[in-house]
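What follows is a set of notes on a single structure, which appears directly below.
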Amino acid sequence: MIKIGAVSRPRVTNKLVLFIAALAAALLAAYLFWSFEASIKALLEHRMGANPSPSADTIISAVKLFLIGILAYLFVRALNFLFFGVAFRLKRIDAPTLIRNIFTIVAFTILFLIAFTFLFPDVNLGALFTTSAIFGVILGLALQDTLGNFFAGISLQADRPFQVGDVITVGAQRHTGVVEEISWRAIKIRTFTNHVVLIANSNAAREPIEVCPRDNINARLVFFNTLYSDSPAKTIHVVREAVREAENVSTKVTPVVRIRNLGDNGVDYEVKYWLEDYAKYNDTDALVRQRIWYAFRRAGLNFAYPTRTVMVERRGAVAQRDGDGGAITERLSAVDIFAPLSVEETGMLAQAAVRHVFAPGEMVIRAGDPGSSMFVVHNGRVSVQVNENGRPRKVATLNEGDFFGEMALFTGEPRTANVVALEETEVLEIGHAAMKRVFDTNPDLVESLSFIIAERRQGLASQIDSSAPASDASAGLLSAIKRFFGLSQ
Ligand code: CMP
């Protein structure tokens, strides 16, 4: 494998000038040699004595063969250019370099052999090739690599696992770059540091090659992380929106943002995005990281860095811990069933409330489970669903300030429905003990609660079975709740 510095492509005009100069020089040399052939021969005979070996004629023929060889080579190059460079291009076909090279070799060999038999009529070429074992061995050894490359090149052209313009990564050293040429000897790739790497075809045939075709929408992964306090649902949304608008990110596939790991320092994520032009993935990765940084800034999200977080938690005392007891008291006082409570009583409930966050689609309550707490929706939305023939059916959507789970809490019966978070939802959980303390100080609350529960029960009964009678069961409920909470009847 050869690695060389950046090379600039020689222009066609430069090549033409070089070609004309070489042709002129070769023609001049041939003309001079033929003109002075007799004198050169005489000079050679004079210098080499009576019985020279090789003879002067042989030397003259060898030089002629050399000159004809040069002219034949130039002729074949010109033919190659006219045939593949002009005629093929006119038909908009780009002939592979390997085909052009094979053409050059075959045409040149034929011309050379014609010239050879013409200049050395006594030498039997066929016999030379077939009878000379030593010649065969030497040729075989000398051409071992060349032939290996040649046949590997042919198989590359036949299989076409990649083409000019594709990005490939080759071998254990993981050379990555854009394919510029596949010749009879090597694959030429230009790396992203603008170096040219030549990989011999026979090596490439042995190594694994990762191909990212030019006309395919190839994907990349970029990693980032957040603090544990940052919401995954929000992070995923923010990053997805930031990345999908970045330049060179394909609009055909929406980027995927997902959690890779719950790491030591924070939540580790990956964003998978697809590129329009894969060859520019370094720039696009960088742009994606930049967009994530700005999006984090705007959304108040935080990158995690090596930290040790020491958390001192007093379970249940959520309001104090978070320092936003005011917001929780305010939320609870706006809930209709708690309207009869005094400010102090609502404060007591707020102190005892425990906050929980649920991801979109997570189940907060499962029908049939036992339960001894109720919930108030603090942020987000939930759906109340009953199971009908084994399939969930939505009976209500509850928003911020609504409550649920009171039926099992107040009656001791199993949960009557599934409650599922529709988006990232924060709920405040109020347990049996806290509720009992409030009932002890404000027994009137039981009455208003029994109305609501009766109403919901009725709603559920009519949703599940429309023939069920809608009876007012609140009186029966009132005594059941009082019994369950050990209150005087
Ligand atoms: P619980 O039975 O403890 O658990 C499921 C909860 O879903 C239930 O309490 C109610 O709070 C709630 N629920 C049941 N039916 C309805 C309804 N029709 N409208 C609103 N909420 C309901």
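Whatever order the structure lists them in is the order used to number ligands and atoms, beginning at 1.
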Subject >> Name of the residue among R355, E423, E424, E426 meeting side chain to side chain donor-acceptor pair (under 3.5 Å) with N379 >> reply: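 When side chain to side chain donor-acceptor pair (under 3.5 Å) is applied between N379 and each of R355, E423, E424, E426, only E426 qualifies.
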
Original post:
Considering distance alone, does some N or O of A396 sit under 3.5 Å from an N or O of ligand 1?
Top reply: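 Not met; the criterion fails.
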
**OP:** Could you say whether the N/O atoms of A408 and ligand 1 ever approach to under 3.5 Å?
**Re:**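 There is such a contact, yes.
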
**OP:** Find all atoms of ligand 1 within a distance of less than 4.0 Å from any non-hydrogen atom belonging to F404, and give their numbers and elements.
**Re:**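 Listed by number with element, the hits are 11 (O).
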
Subject >> E406 neighbourhood, listing ligand 1 atoms whose heavy-atom distance to it stays under 4.0 Å >> reply: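 Near E406, the atoms of ligand 1 are 9 (O), 10 (C), 11 (O).
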
**OP:** Pick whichever of V382, V364, V384 has a heavy atom sitting closest to atom 12 (C) of ligand 1.
**Re:**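 Checking each option, the heavy atom nearest atom 12 (C) of ligand 1 is found in V384.
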
Original post:
Between OG of S333 and CZ of F338, what distance do you get to the nearest 0.5 Å?
Top reply: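 The CZ atom of F338 is 10.5 Å from OG of S333, to the nearest 0.5 Å.
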
**OP:** Enter the distance from I259:CD1 to T226:OG1 here, rounded to the nearest 0.5 Å.
**Re:**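 Result: 7.5 Å between the selected atoms.
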
Original post:
Has G405 got any heavy atom lying under 4.0 angstrom from an atom of ligand 1?
Top reply: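 In this structure, G405 qualifies as a contact of ligand 1 - some heavy atom is under 4.0 Å.
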
Subject >> Charged tip of R77 within 45° of F19 ring normal and under 6.0 Å >> reply: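 Because its charged atom misses either the 6.0 Å distance or the 45° angle limit, R77 does not stack over F19.
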
Original post:
Counting distance only, does the side-chain N/O of N265 pair as donor-acceptor with the main-chain N or O of G263 below 3.5 Å?
Top reply: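 Between the backbone of G263 and the side chain of N265 there is no qualifying donor-acceptor contact (under 3.5 Å).
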
